[in-house]
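In what follows, a structure is listed as structure tokens, so that the remarks can point back to it.
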Amino acid sequence: MADFRRVAVVGAGSFGTALAQLIFNNGHEVVLWGRDPAHVRALAETRENRRYLPGVLLPPFAVTADLAEAVSGASAVFFVVPSQAMRSVAAAAAAHLSPAALVVSAAKGLERRSLKRMSEVLRDVLGARTARIVALSGPSHAEEVARGMPTSVVVAGAREDAREAQGILFRPTFRVYTNDDLVGVELAGALKNVIALAAGLAEGYGYGDNARAALITRGLHEIARLGVHLGAAPMTFAGLAGIGDLVVTATSEHSRNRRAGRLIGRGMPPDEALRSIGMVVEGVVTTEAAYALAARHGVSMPITEALYRVLFRGEAPARAIEALLSREPTEEGAMPLLETWVRARRESGRPAAGGTRPAGKNASDAPGP
């Protein structure tokens, strides 16, 4: 694994700050970039991100509002910005990136205009400047990562690039696994926000644990259905980026998507609910993008469609819930997912046994559970 000496973390929100702290504590030189000079100045002076991660004393890594200063000479660059800002921030950084730099996307969303995943957006912007782009995903609330609470995540991409990112991040309380299914890991990480938002809405409406469990389970099935149609491996949705991240996002008090959904379920207009949260709620834009993708590819996503009507068509939560509960009964059926995946791989000329790794070889290089 590469011994990086300088790592740039682009984005001084809660998770960017937590990653900067973790990487610094792993022995690397770290520069954290934030777009707001006043915020960056306060962070440097107080060694605390009071706006996004209050109560955590930060080590003495460098902070700057100068993007060129942050990424110049960096061996690895972590982009930890909202999905809708990824293209513009990456474009501003592109001229200053080293061609050899490893680029890590830690944003979990889809671009509204293009419906592209974040690695695709980065590829659009960076072009030939780098061929080394991986995605970081999994259940990893910044509030717990920053306090050293045990966390497991996944890095997806080409094997050696994923291993390098794993080497930068791994520590006993931050276990990092690798996966070669970049499509699946990115889609799972983005789409689970939609289902978590829906679970929060049901909770706010007054439903209990049974309803939440049903939404998590059936929601996982529908996001996997779209993911497999787009080339993801079905089992990726049973891993950290899928069920792992979905469970934590749908159940945790740290989850903005759950909290926003809960407010909407209680009758608060979506725009007002988002203002109340005060930070980016990725599930809202992702709902719009997922709805468009499902329509484009003819994939049934009833939970996503119901949530879309509430968020963007003004439908009352009660009516959307009633429509879901009134659907015709059917078989649970996981086999169509596997059949779709096997058929897609055969049509593309790839073996049906697995991803780019040899069949039967575990993609994870992190020992233990």
Side-chain angles (χ1 to χ4, degrees), residues 83 108-121 135 137 156 179 181-199 201-202 214-239 241-246 249-250 257 261 282-313 315 320-321 323-348 350 352 355:
S83 58
K108 300 173 183 177
L110 299 170
E111 189 175 49
R112 175 188 271 126
R113 177 172 56 84
S114 68
L115 308 183
K116 290 184 175 182
R117 295 176 282 111
M118 292 299 99
S119 68
E120 294 178 302
V121 173
S137 196
N179 191 323
D181 183 14
L182 179 60
V183 174
V185 165
E186 285 194 288
L187 287 174
L191 296 172
K192 56 84 187 172
N193 288 326
V194 177
I195 306 306
L197 193 57
L201 187 150
L215 278 165
I216 289 172
T217 307
R218 297 307 302 168
L220 181 68
H221 193 274
E222 77 171 51
I223 67 175
R225 187 160 54 235
L226 178 61
V228 168
H229 189 90
L230 295 175
M235 287 307 296
T236 297
F237 290 84
I243 188 65
D245 212 356
L246 175 54
T249 310
N257 290 284
E282 287 281 9
V284 174
V285 173
T286 305
T287 298
E288 187 177 18
Y291 178 86
L293 277 173
R296 175 186 292 178
H297 295 281
V299 176
S300 173
M301 298 186 74
I303 298 171
T304 301
E305 291 160 12
L307 185 60
Y308 174 84
R309 294 195 304 271
V310 171
L311 296 175
F312 298 102
R313 297 284 176 82
E315 184 169 296
I321 291 169
L324 279 176
L325 295 177
S326 301
R327 284 171 54 81
E328 287 296 316
T330 185
E331 294 181 357
E332 184 175 32
M335 286 308 295
L337 286 178
L338 296 174
E339 292 165 1
T340 299
W341 181 63
V342 170
R343 183 171 61 251
R345 294 189 69 81
R346 285 175 177 163
E347 289 173 354
S348 69
R350 292 176 291 172

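On a predicted model such as this, the values are computed, not experimentally measured, just so you know.
- Contact of the Leu197 side chain with the Thr287 side chain is registered, since non-hydrogen atoms from C-beta on lie closer than 4.5 Å.
- In this structure, the side-chain hydrogen bond (donor to acceptor under 3.5 Å, both in side chains) partners of Asp245, at least two apart in sequence or on a different chain, are Lys108, Thr249.
- Annotation for Leu215 and Ala199: closest pair CD1-CA, 3.8 Å, computed over non-hydrogen atoms.
- When all heavy atoms of Ala232 and Phe237 are compared, the pair lying nearest together is CB-CE1, 3.8 Å.
- If you take CG on Leu230 and CG on Leu191, they are separated by 8.5 Å, rounding to the nearest 0.5 Å.
- Nearest heavy atoms, Thr286 versus Ala190: CG2-O, 3.4 Å.
- The side-chain hydrogen bond (donor to acceptor under 3.5 Å, both in side chains) check on Glu288 picks up Arg112, with sequence neighbours excluded.
- The two residues Ala290 and Leu110 make their nearest non-hydrogen contact at N-CD1, 4.5 Å.
- Glu186 contributes a side-chain N or O that, together with a main-chain N or O of Ser119, makes up a donor-acceptor pair within less than 3.5 Å.
- When the side chain to side chain contact (heavy atoms under 4.5 Å, CB included) test is applied to Ser83, the partners found at least two apart in sequence or on another chain are Met118, Glu282.
- The two residues Ala241 and Ser137 make their nearest non-hydrogen contact at CB-OG, 3.9 Å.
- Contact record, Leu187 with Gly227: CD1-CA, 3.8 Å, taken as the closest heavy-atom pair.
- If you take CD1 on Ile195 and CG on Leu246, they are separated by 7.0 Å, rounding to the nearest 0.5 Å.
- Remark: Tyr291 pairs with Tyr308 by the ring-ring contact (aromatic ring centres under 6.0 Å, His included) rule, at least two apart or across chains.
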Under the side-chain hydrogen bond (donor to acceptor under 3.5 Å, both in side chains) criterion, do His229 and Arg225 qualify, and how do the steps go? CA-CA 6 Å; His229 189 90; Arg225 187 160 54 235; over 6 Å; no
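- Checked against side chain to side chain contact (heavy atoms under 4.5 Å, CB included), Glu120 has the following partners two or more places apart in sequence or in another chain: Lys116, Arg117.
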Side chain to side chain contact (heavy atoms under 4.5 Å, CB included), that's the test. Do Ile223 and Val194 meet it? Break it down for me. CA-CA 9 Å; Ile223 67 175; Val194 177; 5.6 Å; no
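- Scanning for side chain to side chain contact (heavy atoms under 4.5 Å, CB included) contacts around Ile243 gives Ile216, Leu220, Val247, with sequence neighbours left out.
- Qualifying side-chain hydrogen bond (donor to acceptor under 3.5 Å, both in side chains) partners for Thr217, counting only residues two or more places apart in sequence or in other chains: none.
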Per-pair distances, 0.1 Å, donor-acceptor, side chain in residues 298-307, under 3.5 Å, sequence neighbours excluded:
| from | atom 1 | to | atom 2 | distance (Å) |
| --- | --- | --- | --- | --- |
| Thr304 | OG1 | Glu222 | OE2 | 2.7 |
| Glu305 | OE2 | Met301 | N | 3.2 |

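- In this structure, Asn257 contributes its side chain and Gly283 its backbone to a donor-acceptor pair below 3.5 Å.
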